[in-house]
K.L.:
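Okay, here's the structure, questions in a sec.
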Amino acid sequence: TANPGETIYYTLDGSEPTFDEPTKEPKDGTYKYTGAEGISVTKDENSSLFTITAIAYKEGLATSDISRLVFAYPGAVSSPYANPVSGSVAENTQVMLNTATENAVIYYEIGYGSDTPKDPTTASKVFDETNPITITKKTTIKAVAVKDSMKSTVSTFEYSVLDKLSTPASSIDTGAVVASGTVITLKADSGATIYYTLDGSDPKDPENKKVQVGDQFIVNGDAGSMVMLRTYAAKQGYTSSEAGTYSYSV
């Protein structure tokens, strides 16, 4: 209030503030305002607004008109979601966390194996989309989104790692000298598809146009030339194998 020495009385339920004039004590759900304490915002589940109804009083003056101060609660913060969702994933799968609430910050905690992580707080790690969470073993992630001091409910994501396929084996040991036209057979775990390259390039590179599919290839080349075989196996429901490398002299 603009007038020094005035006392402010207020209510939080929309009713008109009342007080006992002889004692100056508030009554009937009215509070006396003190600047040192301020007014704590409390959540009303039945309203999206927080309303303060206030009057000012000073002895010898008429009580002020009523002031109604209306504030909107911050919107609810959506819980974090993960991509991919919980479940069994291939080894080294990268998990992204996000929330539908724009500009909310995601905090998370991680537990491995049988360890259960604690619920995250604003003191926990901040998720950075440029640094996804890499799954290499059984992992549990708990995450919360925060905006304008409002917290979402905590989300929990649990991941296990799919069994890993064996690296395809070659019918001829690496380092062997073989004649041009020799057929080399590759063997992988049952039901797995074998991918390979013959120029030493990475067969796991999705943009590599030299990747071939199959379990046999013919060695071709001039005498003294080198063939560099790189191969791996893949199967739905399993983690792809490590890439194997085999070299042959023609």
Side-chain angles (χ1 to χ4, degrees), residues 1-83 85-86 95-111 114-131 133 140-158:
T1 176
N3 297 319
E6 292 185 352
T7 301
I8 298 175
Y9 297 91
Y10 69 94
T11 64
L12 300 177
D13 59 4
S15 62
E16 182 177 342
T18 58
F19 62 95
D20 183 71
E21 192 163 337
T23 64
K24 311 298 187 294
E25 290 302 312
K27 60 182 183 179
D28 299 332
T30 298
Y31 303 91
K32 183 187 292 185
Y33 177 77
T34 58
E37 296 180 3
I39 299 174
S40 295
V41 177
T42 56
K43 180 63 176 174
D44 182 355
E45 299 297 337
N46 298 315
S47 175
S48 61
L49 302 175
F50 178 72
T51 303
I52 301 171
T53 306
I55 58 172
Y57 169 80
K58 185 176 182 180
E59 194 168 354
L61 298 176
T63 302
S64 74
D65 292 334
I66 292 176
S67 293
R68 293 194 187 276
L69 312 173
V70 182
F71 304 90
Y73 291 109
V77 179
S78 297
S79 301
Y81 60 89
N83 185 22
V85 297
S86 295
V95 174
M96 298 290 293
L97 301 179
N98 212 331
T99 173
T101 302
E102 188 175 1
N103 297 323
V105 178
I106 297 175
Y107 299 88
Y108 70 97
E109 296 283 346
I110 292 183
S114 59
D115 292 341
T116 300
K118 63 182 181 181
D119 285 349
T121 68
T122 52
S124 302
K125 296 178 182 177
V126 176
F127 180 76
D128 179 0
E129 62 181 11
T130 65
N131 186 28
I133 301 168
T140 302
I141 303 170
K142 286 189 174 183
V144 66
V146 180
K147 183 179 180 181
D148 298 331
S149 299
M150 295 283 287
K151 294 182 180 180
S152 71
T153 56
V154 175
S155 298
T156 302
F157 311 103
E158 296 179 340

K.L.:
Quick one: does Tyr108's side chain get under 4.5 Å of Leu97's, heavy atoms only?
P.N.:
yes
K.L.:
Using modelled atom types and a 3.5 Å cut-off, is there a donor and acceptor pairing between side-chain atoms of Thr101 and backbone atoms of Val77?
P.N.:
no
K.L.:
side-chain contact (heavy atoms from CB on, under 4.5 Å) between Ile141 and Thr156: does it pass, once the steps are laid out?
P.N.:
CA-CA 6 Å; Ile141 303 170; Thr156 302; over 6 Å; no
K.L.:
So, for Lys151 and Thr122, which heavy atoms are closest and what is the spacing to 0.1 Å?
P.N.:
CE-CG2, 4.5 Å
K.L.:
Which heavy atom in Leu12 sits nearest to a heavy atom in Phe50, and how many Å separate them?
P.N.:
CD2-CZ, 3.7 Å
K.L.:
Kindly indicate whether the side chain of Val144, heavy atoms from C-beta on, has any atom under 4.5 Å from the side chain of Ser152.
P.N.:
yes
K.L.:
Would you mind reporting whether Thr1 and Ile8 have side-chain heavy atoms less than 4.5 Å apart?
P.N.:
yes
K.L.:
Do you know which two heavy atoms are closest between Ile133 and Phe127, and how far apart they sit?
P.N.:
CG1-CE1, 4.1 Å
K.L.:
Rounded to the nearest 0.5 Å, how far does CD of Glu109 lie from OG1 of Thr140?
P.N.:
12.5 Å
K.L.:
Is the side chain of Ser155 donor-acceptor paired with the backbone N or O of Pro80 at a distance under 3.5 Å, no angle test?
P.N.:
yes
K.L.:
In Å and rounded to the nearest 0.5 Å, what is the CG to OH distance from Asn3 to Tyr57?
P.N.:
13.5 Å
K.L.:
Considering residues, nucleotides and ligands other than Asp128, do more than 12 of their heavy atoms fall under 6.0 Å from its CG?
P.N.:
yes
K.L.:
Flag the pair Asn98 / Tyr81 as yes when at least one side-chain heavy-atom distance between them is below 4.5 Å, and no otherwise.
P.N.:
yes
K.L.:
Please check if the side chain of Tyr9 supplies one atom and the backbone of Lys24 the other of a donor-acceptor pair under 3.5 Å.
P.N.:
yes
K.L.:
Once rounded to the nearest 0.5 Å, what's the spacing between atom CZ of Phe71 and atom CD1 of Ile39?
P.N.:
8.0 Å
K.L.:
Does any N or O in the side chain of Lys147 come within less than 3.5 Å of the main-chain N or O of Glu102, such that one atom is a donor and the other an acceptor?
P.N.:
yes
K.L.:
Enter the distance from Thr7:OG1 to Phe19:CZ here, rounded to the nearest 0.5 Å.
P.N.:
8.0 Å
K.L.:
What's the spacing between Lys142 NZ and Glu158 CD if we round to 0.5 Å?
P.N.:
9.5 Å
K.L.:
Indicate whether any N or O donor in one side chain lies under 3.5 Å from an N or O acceptor in the other, for Ser78 and Thr99.
P.N.:
no
K.L.:
For residues Lys32 and Pro26, report the shortest heavy-atom separation together with the two atoms involved.
P.N.:
N-CG, 4.0 Å
K.L.:
Do Val154 and Pro120 come close enough that some side-chain heavy atom pair is under 4.5 Å?
P.N.:
yes
K.L.:
Where is the tightest heavy-atom contact between Ala143 and Phe157, given as atom of each residue plus distance?
P.N.:
CB-CE1, 4.3 Å
K.L.:
Is the closest side-chain heavy-atom distance between Ser15 and Thr53 below 4.5 Å?
P.N.:
no
K.L.:
If I take atom CD1 from residue Ile55 and atom OG1 from residue Thr30, how far apart are they, to the nearest 0.5 angstrom?
P.N.:
7.5 Å
